[in-house]
Amino acid sequence: MRKASKEKKRALITGASSGIGAAFARHLARDGYDVVLVARSRERLDDLAGELQAQHGVAAEALPADLTDPPELHIVEEMLADGVGLDLLVNNAGFGTGGAFRELEVNQEESEIRLNVVALVRLTRAALPSMVARNSGAIINVSSLAGFQAAPFNATYGATKAFVNSFTESLAEELRGSAVKVQMLCPGFTRTEFQERASLDVSGVPSFAWMSAEAVVDASLTALQRGDLVCIPGMQNKMVATLTSLLPRSLTRRVSGMLTRSVVKLEG
Ligand SMILES: NC(=O)c1ccc[n+]([C@@H]2O[C@H](COP(=O)([O-])OP(=O)(O)OC[C@H]3O[C@@H](n4cnc5c(N)ncnc54)[C@H](OP(=O)(O)O)[C@@H]3O)[C@@H](O)[C@H]2O)c1
């Protein structure tokens, strides 16, 4: 990956075609970053790249890739690993599946692990060595409040996010003494395409529980400047996370199961 100029910072954002990823791309371009936009939808990435170039005068490159497909993931890894200054990697692409695990389509469950876990691990592994060598750069791994507890009826999803939390926390410790930063970003309900893609009926979720993708990204980038490892955006989500950490797991998984049962489509 070549830098457009020495002063310019450069970020690569996965899942940049909608939701939180698109909000990261817009925020970072406004801050003057050149951006590389990764997702499957070429047309949406091209449109966003054009918008960012026109509005902010930055270099914006669309890199269409299905990150669950090993050869396509490999192309993005190679781009990251070529050793030339990426300042920020945002591992944001992800999706969820809802329902009783025994009834869910197993290939879709595997894809969820490939995207939410395998792609995130491989891209982190590709980007980190040059960041450490330069002693600068940052990686934001987009997790979820769902990663702090068992997630009945979102079992695979919750497990992928628990992985992201543990993985990112471990890396932070490995990077102690380095200027390279890692962050686990743990949003709650955020207005994006996520719920529709996961076939969740969230019509009963009260409005105070929701955040915009832009507010989530503002919180993340502010926390990154402070060097925070964990970013839980929004007071309502901080309260949920605090309660979750205080209550017994037997209770949090029961409550989580009851709440999620009401938003997923269960068979039979
Ligand atoms: N929204 C929430 O309430 C919420 C809460 C907690 C955590 N999160 C997390 O936030 C992250 C972003 O989700 P979002 O809410 O912004 O949802 P979203 O609007 O559905 O965005 C998901 C992004 O991931 C991309 N993507 C999906 N499959 C992909 C694949 N196989 N290869 C490459 N890119 C792929 C999508 O683009 P294409 O379809 O074009 O590939 C899209 O850009 C996810 O990791 C999610 O788990 C969301």
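The figures that follow rest on heavy atoms only: side chains count, while hydrogens, waters and symmetry mates do not. Read the numbers this way: they start at 1 and go in the same order the structure lists the ligands and their atoms.
In this structure, Arg197 has a heavy atom closer than 4.0 Å to ligand 1. Using a non-hydrogen distance threshold of 4.0 Å, Gln195 registers as a contact of ligand 1. Contact between Ala23 and ligand 1 is absent, with no heavy atom of the residue lying under 4.0 Å from the ligand. Within the 4.0 Å heavy-atom cutoff, Ala146 does not count among the residues contacting ligand 1. Residue contact check for ligand 1: Ala65 places a non-hydrogen atom closer than 4.0 Å to it.
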Passes salt bridge (charged side-chain N to carboxylate O under 4.0 Å, His left out), Asp87 versus Arg10? Steps please. CA-CA 5 Å; Asp87 300 286; Arg10 175 172 279 218; over 6 Å; no
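Evaluated by nearest non-hydrogen atom to atom 34 (N) of ligand 1, the leading choice among Cys186, Ala39, Ala213 is Ala39.
In this structure, the protein non-hydrogen atom closest to atom 6 (C) of ligand 1 is Pro187 O, 3.3 Å. What sits closest to atom 5 (C) of ligand 1 on the protein, heavy atoms only, is Gly188 O, 3.1 Å. Residue, atom and distance of the protein heavy atom nearest to atom 8 (N) of ligand 1 are Tyr157 OH, 3.7 Å. In terms of protein heavy-atom proximity, atom 22 (C) of ligand 1 is nearest to Gly94 O, 3.8 Å. Protein heavy atom in closest approach to atom 45 (O) of ligand 1: Asn92 O, 2.8 Å. Shortest contact from atom 24 (O) of ligand 1 to any protein heavy atom: Gly15 CA, 3.5 Å. At the shortest separation from atom 43 (O) of ligand 1 among protein heavy atoms lies Ser17 OG, 2.8 Å. With respect to atom 27 (C) of ligand 1, the closest heavy atom belonging to the protein is Arg40 NH2, 3.5 Å.
Taking all atoms of both residues into account, the shortest heavy-atom contact from Asn135 to Ser178 is OD1-OG, 3.5 Å.
When atom types are taken as modelled, the side chain of Asp201 and the backbone of Ser203 share a donor-acceptor pair closer than 3.5 angstrom. A distance-only check finds a donor-acceptor pair linking the side chain of Gln236 to the backbone of Phe208 [under 3.5 Å]. Here the side chain of Lys181 pairs a donor or acceptor atom with the backbone of Leu224 at under 3.5 angstrom. Using modelled atom types, no side-chain atom of Ser166 and backbone atom of Ala162 make a donor-acceptor pair closer than 3.5 Å. With Ser245 contributing its side chain and Thr242 its backbone, the two residues share a donor-acceptor pair below 3.5 Å. Between the side chain of Thr260 and the backbone N or O of Gly257 there is no donor-acceptor pair closer than 3.5 Å. Distance alone, capped at 3.5 Å, is enough to place a donor-acceptor pair between the Gln53 side chain and the Ala60 backbone. Under a 3.5 Å cut-off, the side chain of Asn237 and the backbone N or O of Pro233 do form a donor-acceptor pair. Between the side chain of Thr14 and the backbone N or O of Ala93 there is at least one donor-acceptor pair closer than 3.5 Å.
For ligand 1, the atoms lying closer than 4.0 Å to a non-hydrogen atom of Phe189 are 3 (O). Every atom of ligand 1 is numbered from 1 in the order shown, and the set under 4.0 Å from a heavy atom of Ser18 is 18 (P), 19 (O), 21 (O), 42 (C), 43 (O). Heavy-atom contacts of Val142 reach the following atoms of ligand 1: 9 (C), 10 (O), 11 (C) (cutoff under 4.0 Å). Listed by atom number, the atoms of ligand 1 under 4.0 Å from Ser41 heavy atoms are 38 (P), 39 (O), 40 (O). Under a 4.0 Å criterion applied to the non-hydrogen atoms of Asp66, ligand 1 contributes the atoms 30 (C), 31 (N), 32 (N). Counting atoms of ligand 1 from 1 in the listed order, those under 4.0 Å from a heavy atom of Gly19 are 16 (O), 19 (O). The atoms of ligand 1 that sit less than 4.0 Å from any heavy atom of Thr68 are 31 (N).
Of the N or O atoms in Ile20, one or more lie within a sub-3.5 Å distance of an N or O in ligand 1. Residue Leu67 has at least one nitrogen or oxygen atom sitting less than 3.5 Å from a nitrogen or oxygen atom of ligand 1, judged on distance alone. In terms of polar-atom proximity, defined here as any N/O pair under 3.5 Å, Thr192 does make such a contact with ligand 1. Residue Gly21 places no N or O, backbone or side chain, under 3.5 Å from any N or O of ligand 1.
Salt bridge annotation for Arg40-Asp66: absent, with no cationic side-chain nitrogen under 4.0 angstrom from a carboxylate oxygen.
With hydrogens and angles left out, the side-chain atoms of Thr156 and Glu112 include no donor and acceptor closer than 3.5 Å. Donor-acceptor pairing under 3.5 Å is recorded for the side chains of Asn91 and Thr124. In the model, Asn141 has a side-chain atom that pairs as donor or acceptor with a side-chain atom of Thr168 under 3.5 Å.
Only side-chain heavy atoms of Lys161 come within less than 4.0 Å of ligand 1; its backbone N, CA, C and O stay farther off. At a 4.0 Å heavy-atom cut-off, ligand 1 touches Ala16 through the backbone alone.
Counted within 6.0 Å of CD on Glu43, heavy atoms from surrounding residues, nucleotides or ligands total 12 or fewer; the atom is thus considered open.
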